[in-house]
Visitor: 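Before we start, here is the structure in question, set down as structure tokens.
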Amino acid sequence: METTNNADTRIFETYPQIEMHKAHFKNRFGLVLAGDVYLPTDYATKKSPAIVVSGPFGAVKEQSSGLYAQEMATWGFVAVAFDPSYTGESSGSPRNVASPDINTEDFSAAVDYLGQLDYVDRDRIGAMAICGLSGMAITATATDTRIKAVATASMYDMSRSISRGYRDSYTKVERNKIKDYLSQQRWEDAKNGEPAIGPHEVAFDENGEIMHTKGLPDVLPENPNPVLASFYDYYKTPRGYHQNSINSTGAWTATTPMSFFSFPLMTNVQEISPRPLMLIAGENAHSLYYSQDIYQAANEPKELVVVPGADHVDLYDRKDLIPFDKIEAFFKQALK
């Protein structure tokens, strides 16, 4: 179902020539996803290729994914940017829950939706994701052969990051501490009748104890970690703040990491072939190794684009650094 856009809370520059409609569609778990559909100027006169877009992890469609989808519409693609289940304007209770299984299904649900539109060629549908939803987009593509090509920007493997730590730094002792913390938290949630919020990526203090952080800080501390500073600069400032974004206003449920410990993403990345895969990452991104590792694991055809001078967050919204020309060429070739 579609509705005309009314209240517009997008945080990026919008193009008056690109029409946008609100859309709602169900995934196979019965959750209703909310999306913004961006339409090329001549969409009503032919069947166009289409692209599903989502991410980053904890962001909403009015942020980075909408920016990407709007650009795609200028290239002649019908593009839908959507809020993953349990976040943004999509349904699901409790709020602020993530799951590698459900969030992978969300991409296929968006394909279901696009393929029902009269002006979309259902044999020419691709997927694009930013940051933490990239692992779900790749996983969906490996199984859902309706997705003919997949590209990612600043790709994060959330299962690996949550269960293994940055650069796989968790020790066996630390992994066991995290699993015990999550297990004990379930007792508390059951007793209270609602989930607590907490860190989705657990950190340890200098004494080896779990730091019970709750999302990004409201005030950036002195001499912050550069990665924290870059995320803060996007989500907590007018550059990228949005009231519906978990990263701007809150945190994930504390037990969200449990499913990411249990279910690794992208284990079947080789099965995307012969459909093409493109991975884009900043030269200075702390997350670059995720794209490099998946590039090594994937079969041809594949492409790794390293953007000079860019960090992880730059590829959320820096139009002067995002290689839109390469993304356009990739999808036009793959979905021709």
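Computed from a predicted structure; not experimentally measured.
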Visitor: If you count every heavy atom of other residues, nucleotides or ligands that lies below 6.0 Å from Lys326 atom NZ, does the total exceed 12?
Guide: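 Not buried by this count: 12 neighbours or fewer within 6.0 Å.
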
Visitor: If you round to the nearest 0.5 Å, how far is CG of Asn268 from CD1 of Ile138?
Guide: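 Ile138 CD1 to Asn268 CG: 12.0 Å, rounded to 0.5 Å.
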
Visitor: Do the ring centers of Tyr234 and His242 come within less than 6.0 Å of each other?
Guide: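 No, the ring of Tyr234 stays outside the 6.0 Å limit from the ring of His242, centre to centre.
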
Visitor: Extract all donor-acceptor atom pairs below 3.5 Å that involve side chains of residues 327-336 and protein atoms in other chains or at least two apart in sequence.
Guide:
{"residue": "Glu328", "atom": "OE2", "partner": "Lys332", "partner atom": "NZ", "Å": "2.8"}

Visitor: For this output row, return yes or no: ring centroids of Phe77 and Tyr38 closer than 6.0 angstrom.
Guide: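 Between Tyr38 and Phe77, which both carry aromatic rings, the centre distance is not below 6.0 Å.
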
Visitor: Under 6.0 Å from the ring centre and within 45 degrees of the ring axis: does the NZ or CZ of Arg167 meet both conditions for the six-membered ring of Tyr289?
Guide: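 Yes, Arg167 and Tyr289 form such a contact.
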
Visitor: Restricting to non-hydrogen atoms, name the atom on Val269 and the atom on Ile294 that form the minimum distance, rounded to 0.1 Å.
Guide: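 Heavy atoms only, the tightest pair is CG2-CG2, 4.0 Å.
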
Visitor: If you take all heavy atoms of Ser48 and Val78, which pair is closest and at what distance?
Guide: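 Distance-wise, the nearest heavy atoms are CB-CG2, 4.1 Å.
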
Visitor: Partners of Arg146 by side chain to side chain donor-acceptor pair (under 3.5 Å), sequence neighbours excluded?
Guide: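 Checked Arg146 against side chain to side chain donor-acceptor pair (under 3.5 Å); matches are Asp112, Asp144.
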
Visitor: Do the ring centers of His312 and Phe231 come within less than 6.0 Å of each other?
Guide: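 Yes: the rings meet the under 6.0 Å criterion.
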
Visitor: Does a side chain donor of either Asp106 or Asn27 reach within less than 3.5 Å of an acceptor in the other side chain?
Guide: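 A donor-acceptor contact under 3.5 Å links the two side chains.
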
Visitor: Restricting to salt bridge (charged side-chain N to carboxylate O under 4.0 Å, His left out), what partner residues turn up for Arg186, sequence neighbours left out?
Guide: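 Expected list: none.
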
Visitor: Please output the side-chain donor-acceptor pairs of residues 258-266 that fall under 3.5 Å, not counting sequence neighbours, one pair per line with the distance.
Guide:
{"residue": "Ser262", "atom": "OG", "partner": "Met258", "partner atom": "O", "Å": "3.3"}

Visitor: Please list all pairs passing the side chain to side chain donor-acceptor pair (under 3.5 Å) test where one or both residues lie in residues 201-214, with sequence neighbours left out.
Guide: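 Listed once each, the pairs are Ser161-Glu201.
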
Visitor: Could you walk me through whether His200 and Phe57 pass ring pair (Phe, Tyr, Trp, His ring centres under 6.0 Å), step by step?
Guide: CA-CA 10 Å; His200 67 280; Phe57 193 71; 5.4 Å; yes

Visitor: With Asp317, which residues qualify under salt bridge (charged side-chain N to carboxylate O under 4.0 Å, His left out), at least two apart?
Guide: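 Asp317: salt bridge (charged side-chain N to carboxylate O under 4.0 Å, His left out) contacts with Arg239.
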
Visitor: Hey, what's the ring geometry for Tyr156 with Tyr290, parallel, tilted or perpendicular (30° and 60° as the breaks)?
Guide: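 Rings of Tyr156 and Tyr290: tilted, 30 to 60°.
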
Visitor: Provide the closest heavy-atom pair for Ser65 versus Ile130 in the form atom of the first, atom of the second, distance.
Guide: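 Of all heavy-atom pairs spanning Ser65 and Ile130, the closest is CA-CD1, 3.9 Å.
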
Visitor: What about the rings of Phe107 and Phe82, do their centers lie closer together than 6.0 Å?
Guide: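 They qualify: ring centres under 6.0 Å apart.
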
Visitor: Counting neighbours of CZ on Arg175 that are heavy atoms of other residues, nucleotides or ligands and sit closer than 6.0 Å, is the number greater than 12?
Guide: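 Correct, the count exceeds 12.
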
